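So you know, we letter chains A, B, ... as the sequences are listed, proteins then strands, and number each from 1. A quick note: this is a predicted structure, and the numbers were derived from the prediction, not measured.
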There are 2 protein chains.
Amino acid sequence: MTEAQGRSPRDRYRAQVRAEIKQHAWEQIATQGVPALSLNAIAKQLGMSGPALYRYFANRDELITALIRDAYRSFADAVRAAHEAGADLAGLAHAIRDWARADPQRYFLIYGTPVPGYHAPEDITAIADEVMVVLLEASEAPMAGKPATPFDAEFANRRTRADGSPVPGAVLRHAMSFWTRLHGVLSLELAGHFTGMEFDPDRLLDAELHELGTS
Amino acid sequence: MTEAQGRSPRDRYRAQVRAEIKQHAWEQIATQGVPALSLNAIAKQLGMSGPALYRYFANRDELITALIRDAYRSFADAVRAAHEAGADLAGLAHAIRDWARADPQRYFLIYGTPVPGYHAPEDITAIADEVMVVLLEASEAPMAGKPATPFDAEFANRRTRADGSPVPGAVLRHAMSFWTRLHGVLSLELAGHFTGMEFDPDRLLDAELHELGTS
DNA sequence: TAAGGAAGGTGATAGCTTCTAACCGGATCG
DNA sequence: CGATCCGGTTAGAAGCTATCACCTTCCTTA
């Protein structure tokens, strides 16, 4: 959201208005979900009349794509910050969980129901890859010296590190298990599928990650 | 979708039209997603003009709720069928996976992005509970005789069986782990978050369930 | 400094949507 | 047979996305 570093005053104004549009869009999404997002309503909230908003975003899809990009960026920043603070996988899980709980609809904008036919632009998938790199790095330590299991074969030689060396199958599998377990607990919790069951979702997540650590 | 057992011819006709409406709705959802579902378009496909459709569904939400109900019903039937055929948790996982792959948007109608403020009616949560009962029953066998872990404490005395006896913490935890792991892999796969990575998602699911079996 | 162009804002409008209202014809039921 | 209900119609209100033509204001450039 900090893109107000334009050179000319006009650029700064433009960036400012774009940021305000997105701000109001986030509020609508958080309270009513993406389908209810109305460009018209946002324009009125900003005190300008309908079509003015199209000077800043070509159409509804472009605004939503920008929001998705910001969501990914915020997500990747949260993951990276935890990683650089020395967090292990458990620490990363907590950071991601807190980030998701702060704004569930933002999490679902990334990991929720996909729109058939929609393909994220290149720069967004690049941000997603940043997260994967961190996950893989954080998965190196717990897998160090562990013997490869038969399941790891499928994951061997699927990906290379920054220096070109192959990521061991056990490491990639561990990272994917971490990711899918975290997402499994988190998304069902945020979607309310645990309501009525009395247990604390955090304890389920603890159990899932604990078992992952010992594998 | 088999609700055409009405008594009078009029009831049968009504049920028939309702079914046709839902049929076309499913096709729209499968190809374009829920937000693009248009009552107007459905009516025209059925050869009738717009407002006629409101004789069958009070509004858009009621149609979608009916679709959600049918999705849950179909899901529960698939799970129950596998269970009654003697499937263990692995078998249930395969049944659910196949059911989800047959129509990803139908899966996401149940487990995808939640609509803020929407609360499913009682009869739908009852269907969801049917599935939970099956999952718990299928989780009894693998947990029989296993010592309780510290993590199981949170899940003890949270739920009772049909006969009123309490579900052991280890069993509930096992069922929840099964559910969240399956959903974690499945939803990320169906949403396309594994595209570009070369591994087979089925192998990841195998690994996740195998590790669950040995816990 | 004056001129010109780009950028931002406006109202009007097309075309879509959901949904309500009023009305009409036919089937059903007492 | 008559009353009623049911399913369909057209008309229309209100909202949405998006485009168009036009106007003003600011910035740049000669």
Between dC19(C) and R60(B), is there an OP1 or OP2 to side-chain N/O distance shorter than 4.0 Å?
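Answer no for this pair, as no side-chain N or O of R60(B) is under 4.0 Å from OP1 or OP2.
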Between Y13(A) and dG9(C), is there a contact of a side-chain N or O with OP1 or OP2 at under 4.0 Å?
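It does, given that an N or O in the side chain of Y13(A) lies less than 4.0 Å from OP1 or OP2 of dG9(C).
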Nearest to the side chain of S38(B), which nucleotide is it out of dT17(C), dT9(D), dT17(D)?
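It is dT17(C).
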Angle of first-five versus last-five pair axes in the helix from dT1(C)-dA30(D) to dG30(C)-dC1(D), to 10 degrees:
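Axis-to-axis angle, ends of the helix: 0°.
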If the plane angle is over 60° it's perpendicular, under 30° parallel, otherwise tilted; pick one for Y111(A) and H183(A).
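The rings of Y111(A) and H183(A) sit tilted, inter-plane angle from 30° to 60°.
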So which one's nearest nucleotide on DNA chain C is more toward 5', G50(B) or P51(A)?
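The 5'-side residue here is P51(A).
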So [X], base contact, sugar-phosphate only, or nothing? Heavy-atom distance under 4.0 Å.
X      : value
R10(B) : base
L37(B) : sugar-phosphate
N59(B) : sugar-phosphate

Sorted by number, the residues of residues 42-49 of chain B with heavy-atom contact under 4.0 Å to DNA chain D:
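Under 4.0 Å from DNA chain D: M48(B), S49(B).
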For [Y], is there an ion pair with [X] - N to carboxylate O distance below 4.0 angstrom?
X       : Y       : result
E154(B) : R173(B) : no
D202(A) : R97(A)  : yes
D206(A) : R203(A) : yes
R158(A) : D200(B) : no

Has R18(A) got its NZ or CZ under 6.0 Å from the middle of the six-membered ring of F57(A), at an angle within 45 degrees of the ring axis?
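Positive - R18(A) is close enough to the ring of F57(A) and near enough to its axis.
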State whether the number of non-hydrogen atoms from other residues, nucleotides or ligands found under 6.0 Å of N157(A) atom CG is greater than 12.
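Not more than 12 within 6.0 Å, no.
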